[in-house]
Asker: 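I'd like to ask you about the structure that follows.
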There are 2 protein chains.
Amino acid sequence: MSVTAAKGFRAAGVVAGLKPSGSPDLALVVNDGPLDVAAGVFTTNRFTAAPVVWSRGVIAGEQGRRGAARAVVLNSGSANACTGTRGADDTADTAKHVAGLLGGIDSGDVLVCSTGVIGVPIDMPTLLEGAGIAAEALASSERAGHDAAAAIMTTDTVSKEDAVTVAGADGTWTIGGMIKGVGMLAPGMATMLCVLTTDASVEPSAAERSLSAAAGRTVNRINSDGCMSTNDTVLLLASGASGVAPGPEAFDAAVAEILARLGRRLVADAEGATHDIAITVSGAVSEAAAEAAARTVSTSNLLKCAVAGGDANWGRVLSQLGTVPEETCPFDPEKVDVTINGVTIFRHGGLGDSRDLVDMSPRETRIDIDLSAGDARATVWTNDLTHGYVTINGDYTT
Amino acid sequence: MSVTAAKGFRAAGVVAGLKPSGSPDLALVVNDGPLDVAAGVFTTNRFTAAPVVWSRGVIAGEQGRRGAARAVVLNSGSANACTGTRGADDTADTAKHVAGLLGGIDSGDVLVCSTGVIGVPIDMPTLLEGAGIAAEALASSERAGHDAAAAIMTTDTVSKEDAVTVAGADGTWTIGGMIKGVGMLAPGMATMLCVLTTDASVEPSAAERSLSAAAGRTVNRINSDGCMSTNDTVLLLASGASGVAPGPEAFDAAVAEILARLGRRLVADAEGATHDIAITVSGAVSEAAAEAAARTVSTSNLLKCAVAGGDANWGRVLSQLGTVPEETCPFDPEKVDVTINGVTIFRHGGLGDSRDLVDMSPRETRIDIDLSAGDARATVWTNDLTHGYVTINGDYTT
């Protein structure tokens with residue numbers, strides 16, 4: 001049920017010693033082929049961590065072939081962000097070392113991901129020694145996949161992995177993956193790393209297109225606290241080992257499904273959260289307009305506090321919705337409906353059913369906003385804002 | 001030191017009975033002239049409360065002369081927002097009633113401001129009766145100004161008023177004012193109402209220009225939690241009673257000074273805050289670019305939690321700064337400096353002085369970001385994010 005669910009992949013997760021806690025902190029995922037297709041989606045933060053620059057370059061073909069890679073090495077404990085040229089050198093050395101350990105590949109075949117404290121150079125001897133231990137431990141077992149998922153955790157309270165198997169007319173193939181992140185930037189930690197693996201036969205261009213589209217509608221619509229990290233990375237590796245070449249629609253759907261599932265787990269593990277909030281804007285003139293409106297509502301601390309307090313506060317939904325520029329998302333305020341957990345408490349710009357009818361106790365809170373301006377919709381996920389969030393992010397010192 | 005500091009103004013603040021608490025909830029400010037110049041800056045929220053629509057119309061000349069008004073009636077306890085045509089009728093009736101009480105003016109001379117719970121029609125008999133009491137109590141004393149400032153409070157813990165007297169070559173004139181708001185939207189309450197009064201002789205167009213410019217650089221750069229209310233209003237009334245017509249620069253400077261002072265008090269009274277945070281971006285290519293970058297940094301919940309916890313977390317400054325689009329604010333990440341309370345802990349894209357040198361104990365926290373890309377600068381104020389904020393905004397039920 002993880003990065004080893006698909007045929008053609010081995011993984012490992014070990015204790016390198018980068019984390020003071022002594023928890024697992026180094027993971028390796030290897031694609032044994034026959035294909036070595038790789039695609040990636042990366043943070044757009046302008047302070048980009050060294051491993052993001054490296055891995056983006058590998059997939060862009062700066063180190064060899066475009067859309068190809070044989071392995072991913074991931075560490076927690078240090079983000080290698082804001083570390084200058086030393087950080088870039090360290091990432092390149094990591095890739096070279098792992099290539100040597102695996103044999104028959106070169107550094108341009110190795111993707112690198114890091115997460116953890118920023119602004120501190122990575123402890124390279126420890127990292128490289130850990131990579132050696134991981135290379136020895138590589139296995140295609142479910143257990144090995146689980147070990148890898150555990151090794152990339154930072155403030156995650158649970159490891160997060162899943163897999164989807166598709167039985168099509170041409171045969172059966174699988175896509176699995178692991179993700180780390182707690183729905184928001186941890187204190188000085190990077191948010192989100194995700195590795196997907198599939199044994200489907202796909203072209204690099206198809207893998208890239210599928211991954212971009214799926215990320216745009218899933219993990220990029222999680223907005224726990226509006227903060228974007230320097231290290232966010234989503235990778236997709238394809239081995240082709242199933243011998244099945246699914247049609248583009250089936251492949252797109254499976255990539256979207258696995259990323260949606262993993263993203264949902266990330267939301268559920270958000271720091272201090274007691275409610276997961278799905279904000280769906282429908283009746284918009286376009287999907288982009290719907291997404292912009294939902295994203296704006298998702299940033300309201302007032303709304304997030306209200307949900308934490310069990311208050312179906314439609315006023316905070318509206319006042320935040322009202323800040324979306326008309327050119328971004330046209331609608332008539334007099335035609336807007338707001339439904340919270342199934343109760344339409346604001347209808348056509350005026351009071352609707354009683355807010356007392358709304359049950360705010362479920363962890364999953366659904367806020368549905370109908371703009372009556374078109375047919376497009378989008379959902380953005382966020383969390384409530386709790387004392388736990390303030391404690392975790394205020395009392396921690398990086 | 002308030003709306004009665006300038007000559008030509010009377011004010012009152014009384015208990016109408018709109019607030020269940022029995023606290024003062026109705027204020028009246030009257031301009032006795034000789035001039036009746038009025039200017040206003042209003043919320044851009046698309047869910048605009050009825051009194052904002054009315055007052056904007058008065059100043060735009062929809063009810064008579066453009067840029068003119070004789071009185072302002074302000075109530076707390078009810079925002080008269082999301083109340084449909086009934087809300088609009090109630091506002092018009094309020095203006096008409098106050099005009100009748102004052103005599104010799106008509107409803108188009110009366111500005112209306114409301115703050116409080118949204119989505120509930122205003123209790124008009126109570127409001128109108130309170131207006132009668134206020135009209136009886138009108139006085140030009142400092143005490144009367146103070147009463148008015150107290151009557152517009154919602155979750156404010158202190159009333160906020162101030163005045164600036166300018167002794168120029170042509171004589172002495174004064175600008176005073178009152179503001180209400182707690183740096184952020186209170187639960188279901190409107191954020192900010194502000195009335196400035198001056199005895200300077202100014203043209204309506206000059207008053208409008210001065211007020212817009214000053215608001216843009218002061219109260220519109222307060223961003224405690226990114227939430228904008230349906231009722232935000234800043235008004236400027238000029239009586240001309242000093243007989244002094246200051247030059248445009250002197251007048252602009254005084255309006256900016258009084259609004260900056262009042263805005264600073266609003267920041268200091270933010271819900272649950274323990275630190276006021278001034279985020280200054282310098283070295284930007286334009287003031288708009290500097291403001292956009294400072295505003296983006298000001299929205300980081302992670303940074304706000306770090307400041308609450310006494311953590312000089314430059315990583316959270318950078319990761320948030322890195323989300324500003326390059327077309328909005330161009331800079332080279334390798335040239336950025338971050339200084340917190342005078343200690344430059346991040347310099348030219350790398351580590352600077354030790355964060356241990358930073359004293360985070362003062363309530364006023366200064367985060368200075370030098371982009372080294374130009375000569376422009378801007379400051380945006382925010383607050384830290386504390387358990388108190390979560391409690392106030394989560395445990396309250398509107």
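Keep in mind that the numbers below use all heavy atoms, side chains included, and drop hydrogens, waters and symmetry copies. Letters A, B, ... are given to chains in the order of the sequence lines, protein chains preceding strands, and every chain is numbered from 1.
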Asker: Using non-hydrogen atoms only, which part of A/L318 is less than 4.5 Å away from chain B: side chain, backbone, both, or neither?
Answerer: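 Answer is both: backbone and side chain atoms of A/L318 are under 4.5 Å from chain B.
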Asker: For B/E326, is it the side chain, the backbone, both or neither that has a heavy atom under 4.5 Å from a heavy atom of chain A?
Answerer: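 Backbone plus side chain of B/E326, per the 4.5 Å heavy-atom cut-off to chain A.
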Asker: Going by heavy atoms in the side chains, are B/T48 and B/T230 under 4.5 Å from each other?
Answerer: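 Counting from C-beta outward, B/T48 and B/T230 never come under 4.5 Å.
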Asker: Which atoms of A/F346 come close to chain B, meaning under 4.5 Å heavy atom to heavy atom: side chain ones, backbone ones, both, or neither?
Answerer: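 The answer is the side chain of A/F346.
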Asker: Which of the residues B/G119, B/A308, B/A312 is involved in the greatest number of heavy-atom pairs with chain A at under 4.5 angstrom?
Answerer: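 Most pairs with chain A among the choices: B/G119.
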Asker: Below 4.5 Å, heavy atoms only, C-beta onward: do B/S372 and B/F331 meet side chain to side chain?
Answerer: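 A side-chain contact under 4.5 Å is absent here.
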Asker: Report the option among B/G349, B/C82, B/G84, B/G350 that has the most heavy-atom pairs separated by less than 4.5 Å from atoms of chain A.
Answerer: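 Heavy-atom pairs under 4.5 Å are most numerous for B/C82.
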Asker: Under 3.5 Å, side chain of A/H275 to main-chain N/O of A/M360, donor-acceptor pair present?
Answerer: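 It does hold such a pair.
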Asker: Taking atom types as modelled, find out whether A/N45 and A/T43 have a side-chain donor-acceptor pair closer than 3.5 angstrom.
Answerer: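 No.
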Asker: What I want to find out is whether A/R347 reaches A/D353 closely enough, with some N-O distance under 4.0 Å, to be called a salt bridge.
Answerer: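 So A/R347 pairs with A/D353 through a salt bridge.
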Asker: Who wins among B/V307, B/T296, B/T83, B/L385 for the most heavy-atom pairs under 4.5 Å with chain A?
Answerer: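 Between B/V307, B/T296, B/T83, B/L385, the count favours B/L385.
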